[in-house]
Amino acid sequence: MSEKIYPVTKPVKARALIDKEKYLKWYEESVENPDKFWGKHGKRIDWFKPYTKVKNTSFTGKVSIKWFEDGQTNVSYNCIDRHLKTNGDQVAIIWEGDNPYIDKKVTYNELYEHVCRMANVLKKHGVKKGDRVTIYMPMIPEAAYAMLACARIGAVHSVVFGGFSPEALAGRIVDCESTFVITCDEGVRGGKPVPLKDNTDTAIHIAARQHVIVEKVLVVRRTGGKTGWAPGRDLWHHQEIATVKAECPPVKMKAEDPLFILYTSGSTGKPKGVLHTTGGYLVYAAMTHEYVFDYHDGDVYWCTADVGWVTGHSYIVYGPLANCATTLMFEGVPNFPDQGRFWEVIDKHNVNIFYTAPTAIRSLMGAGDDFVTRSSRSSLRLLGTVGEPINPEAWEWYYNVVGDKRCPVIDTWWQTETGGHMITPLPGATDLKPGSATTPFFGIKPQLVDNEGKVLDGPADGNLCITDSWPGQMRTVYGDHERFIQTYFSTYKGKYFTGDGCRRDADGYYWITGRVDDVLNVSGHRLGTAEVESALVSHNLVSEAAVVGYPHPIKGQGIYCYVTLMAGHDGSDALRQELVKHVRAEIGPIAAPDKIQFAPGLPKTRSGKIMRRILRKIAEDDFGALGDTSTLADPAVVDDLIANRQNKA
Ligand code: WTA
């Protein structure tokens, strides 16, 4: 690993909100006296009723997490209304279309009207506080309006990434019993239409078989393409908003009332509905957005994530808008019309802060520097990254070529569950080391433990836990609090276990090494091996499947599948293609297997447990040291697996 250090530069320090001294002082207070610290910083948002209690959390027993619990506020109010008096004409959202000739700007005044109208449409059709609304949208401003409209009336949104299949969408609709869906006729990505409404129709049929009946579908018109239509159920957004008022009072929400559910993959079973609540989440998202990106009034900020992921929730919509920022929303993809698109958009809109994922950086690095250097990028001040460990080579390229050695690279480690940044540099305070997410944000107490749970001090390599709560933390798994306790607080009693491995160096810097559980990180997207396996075995020729990750130069991890077919069937390239298609249909294109190996048998212990350690090694083409295979029921299967591996160097 690289140990090069990039000290905070003078110009960065000069304008930074937090310098080293302040960081150390605030950090100490935040962990020594969280009530006092967060009691102060909770006031960064407006409260209809101020809180008197700050922190009330426990990581043991039933696990209960409450912040600012007797306060009342509204997220939509904080993201819009409170800015109108002084900043109504400021641009809230810059929208850059997939087509480079199409863009638009939405001011805070306009945002207010759009959100109020959509909220009134929801109310008109019976959506009430606490109801779950599914949002299945492309990257258009209406996606943000929909989220904020839900927040305004106290409905709980569940945004489902537009790249997920109808099956995956249906599963999420069913899990939270959502009877109202907001979607779009078609999305557009890289010049191609994405059939969101048709997918929604299919999903609604699948959900109905599981007795969840979607009653209304609000459809935003994006392309005007042909879609199915169910009269009485389907509603055109542009027609509906013309029938309602442009004002809608924000509902007073308790700090711990749910704001949203976001489904994310775990090591076992179906995706979990991560539940975030109102007050603590917004305080944390807004505060991290301001300090981590050193956001100043007037800055143009661009996060390239999709609103279907947590990064889109916290750092396209809620954090920036709560801070009265100008946030750029991009409909397209990094390589359309060509690989210079990101840098062109930065010049076009004078972007100051740019936040993307290592997988995008690696793939654009591969396209050659010319795509970058033909742009000016002189507006850039800060570069951020998120989603997976960034390799030092990609970090250096990002820093040297994209940022012209001028912009700090802010590597932010966090998770859907954490709501906001957890381990991250602060630009004016933290010297950078390429590949390290560096040091904890205010209030975050990381700890490394070994597999037995023994606490590791000083420089060490271990499993990353967080020992105390922070306001942005998830509160429960929707509808399954027991699973919440089991997943996060039972591996190491009394601690939140992140699922990540991590090294701490002699300077106290943290280096995330990747997941230590059966969660894959493919192009920064989280996927459970169990989900891909269950998609594979749902094919009628597959009797068994085991899925592991392997290092992939662009995606970070690739998906390697071992598939055992039903007796009497043989593998072929045609069947491989069919299985890839099948998994895409079951989950979505992000889950498409990279390698499929047909395996007559899988390495199992005598008790029938698949030894994934061996499968990982073979997938990595590193089978010299398979370790002890003597506990296998049939050691001979290993020879066959090695002989037929798909990753031969
Ligand atoms: C990984 C995305 C290294 C990690 C915000 C984590 C990272 C998982 C980083 C969460 C980073 C995210 N360095 N690894 N800067 N950021 N990860 O829930 O394994 O989609 O547990 O949240 O991504 O992914 P999720």
Side-chain angles (χ1 to χ4, degrees), residues 1 159 161 163-164 260-267 271-276 281 284-285 288-289 292 303-316 318-319 355-362 383-392 394-395 398 409-425 430 432-441 444 446 463-466 472-474 477 487-488 491 496-504 509-529 531 549 555-557 590-591:
M1 277 182 197
V159 182
F161 172 55
F164 276 128
F260 67 82
I261 300 166
L262 186 55
Y263 286 87
T264 194
S265 299
S267 39
K272 299 180 281 281
V274 167
L275 185 89
H276 282 287
Y281 170 80
Y284 199 73
T288 46
H289 172 263
V292 171
C303 164
T304 70
D306 190 284
V307 287
W309 310 115
V310 74
T311 309
H313 284 60
S314 299
Y315 299 115
I316 294 177
Y318 291 123
Y355 189 31
T356 195
T359 184
I361 299 167
R362 285 192 298 265
L383 300 169
T385 131
V386 59
E388 54 176 313
I390 181 165
N391 45 312
W395 195 106
Y398 200 28
V409 170
I410 303 300
D411 176 1
T412 61
W413 173 83
W414 60 295
Q415 310 179 296
T416 305
E417 293 87 339
T418 71
H421 303 140
M422 298 287 281
I423 299 182
T424 173
T430 320
L432 306 171
K433 296 187 188 185
S436 170
T438 75
T439 47
F441 189 74
I444 305 306
N463 303 308
L464 178 62
C465 295
I466 311 292
Q473 184 172 24
M474 73 183 281
V477 170
T487 308
Y488 302 104
T491 317
Y496 169 77
F497 176 44
T498 63
D500 279 316
C502 182
R503 177 170 76 88
R504 185 174 47 225
Y509 274 44
Y510 290 85
W511 302 70
I512 307 295
T513 50
R515 301 289 304 199
V516 293
D517 54 9
D518 291 318
V519 171
L520 303 176
N521 194 329
V522 182
S523 299
H525 301 318
R526 245 171 101 162
L527 271 178
T529 51
E531 283 170 75
K555 298 176 167 188
Q557 272 190 313
I590 57 169

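Index from 1, following the sequence. Read the numbers this way: they start at 1 and go in the same order the structure lists the ligands and their atoms.
If you number the atoms of ligand 1 from 1 as listed, the ones under 4.0 Å from a heavy atom of Thr311 come out as 5 (C).
In terms of polar-atom proximity, Thr264 is not counted as a contact of ligand 1, lacking any N or O under 3.5 Å from an N or O of the ligand. Between Thr498 and ligand 1, a contact under 3.5 Å exists for no N or O pair. In terms of polar-atom proximity, defined here as any N/O pair under 3.5 Å, Thr385 makes no such contact with ligand 1. Among the atoms of Glu417, none of the N or O lies under 3.5 angstrom from an N or O of ligand 1.
Using a 4.0 Å cut-off between heavy atoms, Ile512 contacts ligand 1 through its side chain alone, with no backbone atom that close. Contact annotation for Val519 and ligand 1: no heavy atom of the residue comes within less than 4.0 Å of the ligand.
The aromatic ring centroids of His421 and Tyr315 lie less than 6.0 Å from each other. In this structure, Tyr510 has its ring center at least 6.0 angstrom away from the ring center of Trp414.
Within the structure, the closest approach of Trp309 to ligand 1 does not fall below 4.0 Å when heavy atoms are considered. For the pair Gly387 and ligand 1, a heavy-atom separation below 4.0 Å is found.
Using a 4.5 Å heavy-atom threshold, the side chains of Tyr509 and Thr439 count as touching.
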